[in-house]
Amino acid sequence: MRTAQPGLVQTVLAPIVFGVAVILLWQGLVTGLAIKAFILPAPFAIGAEFAGNLNNVAGGMAVTGRNSLIGLVIGALIGIALAIVAALARLLDEMAAPIVAALSVVPIVALAPVLYTMFGAGAETARQLVAALAVFVPVYFNTLKGLRQVRPVDRDLMRAYAVTSWQATRAVTLPTALPFVFTGLRIASSLAVISALIAEYFGGPVGGLGKSITSAASSSNYGLAWAYVLGSIILGLAFYCAALIVEKLVTRRSGG
């Protein structure tokens with residue numbers, strides 16, 4: 001119990017105290033310096049807008065969250081599958097490396113309008129594909145790195161038992177790569193939300209946090225715009241925490 005208490009304080013209490021201190025300092029600076037709302041609204045005003053427009057913020061979070069989740073699942077599945085194939089086939093790995101590297105630098109601001117033209121401005125497909133692309137790259141690279149961490153002695157043991165490449169991958173390689181896979185997923189969970197939200201700025205259906213932020217800012221309702229930004233932060237944290245919880249459950253089960 002004594003060793004658990006410092007961990008609880010460091011992981012839970014300290015961030016809360018720091019966050020409250022930052023909010024109070026922010027509020028004091030905005031009030032004391034009379035900073036205009038279009039420059040930086042006060043946090044209490046943002047909180048009031050968030051509470052007063054909770055249904056609208058929650059609706060935007062649902063739209064962006066759904067697109068982010070679909071993109072996360074698609075990008076993660078493709079990234080893990082291709083990483084496994086690349087680890088088994090060296091030639092494919094060498095062929096795929098420059099392509100994946102090129103995909104990692106594709107700008108969302110240029111890709112989103114092109115996808116809206118391809119799939120239609122009334123479909124959510126473009127936003128989901130943008131999120132999937134952002135997820136694919138870190139999941140692929142982290143999974144591939146994990147698949148290469150198997151010790152030579154373990155590989156020699158698999159050869160001695162004359163197992164197939166897939167059997168060795170399932171029995172030894174994948175369990176070894178699991179921490180790297182979840183590292184990629186934790187990174188990708190936040191990227192999925194950010195990418196889907198940014199894609200909403202450049203067209204598509206009305207709805208989602210990105211559209212709501214631009215609409216509120218264009219009508220000079222800066223407190224409401226920041227309330228939607230707060231909703232985006234909460235959504236990103238929810239995705240990250242969900243990925244962390246899944247990682248803890250899976251690693252605990254595999255370790256047991």
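Source: prediction; values computed, not measured. One-based numbering along the sequence shown.
With values rounded to the nearest 0.5 angstrom, Leu133 atom CG is found 12.0 Å from Ile74 atom CD1. Atom-to-atom distance recorded for Leu224:CG and Leu230:CG is 11.5 Å, nearest 0.5 angstrom. The structure places CD1 of Ile233 at 11.5 Å from OG of Ser190, a figure rounded to the nearest 0.5 Å. In this structure, CG in Asn142 is found 11.0 Å from CG in Leu147, a value given to the nearest 0.5 Å. One distance of note links OH of Tyr222 with CG of Leu40; it measures 13.0 Å at 0.5 Å rounding. Distance check: Asn221 CG to Glu49 CD gives 5.0 Å after rounding to the nearest 0.5 Å.
The two atoms that bring Ser195 and Ala134 nearest to each other are OG-CB, 3.0 Å, heavy atoms only. The heavy-atom pair separating Ser232 from Leu209 by the smallest distance is OG-CD1, 3.4 Å. Closest of all the heavy-atom pairs between Leu185 and Val139 is CD2-CG2, 3.9 Å. Nearest approach of Glu200 to Gly208, heavy atoms of both residues: OE1-C, 3.3 Å. Across every non-hydrogen atom of Pro138 and Ile187, the tightest pair is CB-CG2, 4.2 Å. When all heavy atoms of Ala196 and Asn67 are compared, the closest pair comes out as CB-CB, 4.4 Å.
Remark: the backbone N or O of Ser212 is not paired with any side-chain donor or acceptor of Ser215 at under 3.5 angstrom. Trp26 contributes a side-chain N or O that, together with a main-chain N or O of Pro41, makes up a donor-acceptor pair within less than 3.5 Å.
When the side chains of ILVMFWY residues are joined at heavy-atom separations under 4.5 Å, either directly or via intervening members, Val137 and Leu197 end up in a single hydrophobic cluster. Cluster annotation: Phe119 is not connected to Val63 through the hydrophobic network of ILVMFWY side chains, with a link wherever side-chain heavy atoms come within less than 4.5 Å. The hydrophobic clustering, which links ILVMFWY residues whose side-chain heavy atoms are closer than 4.5 Å, places Val30 and Leu33 together. Criterion: ILVMFWY side-chain heavy atoms under 4.5 Å apart, direct or through other members. Under it, Ile198 and Tyr240 are not part of a common hydrophobic cluster. The hydrophobic clustering, which links ILVMFWY residues whose side-chain heavy atoms are closer than 4.5 Å, places Phe38 and Ile35 together.
The side chain to side chain contact (heavy atoms under 4.5 Å, CB included) test with Ser68 is passed by exactly one of Val130, Val193, Val135: Val193.
Residues that satisfy the ring-ring contact (aromatic ring centres under 6.0 Å, His included) test with Phe136, not counting sequence neighbours, are Tyr140.
Using a 4.5 Å cut-off on side-chain heavy atoms (C-beta onward), Val206 and Lys211 make no contact. The shortest distance between side-chain heavy atoms of Met118 and Leu115 falls below 4.5 Å. The shortest side-chain heavy-atom distance between Thr64 and Tyr228 does not fall under the 4.5 Å cut-off.
Residue pairs meeting the salt bridge (charged side-chain N to carboxylate O under 4.0 Å, His left out) criterion with at least one partner in residues 110-129, sequence neighbours excluded, are Glu124-Arg127. Screening residues 178-214 for ring pair (Phe, Tyr, Trp, His ring centres under 6.0 Å) gives no qualifying pairs among residues at least two apart or on separate chains.
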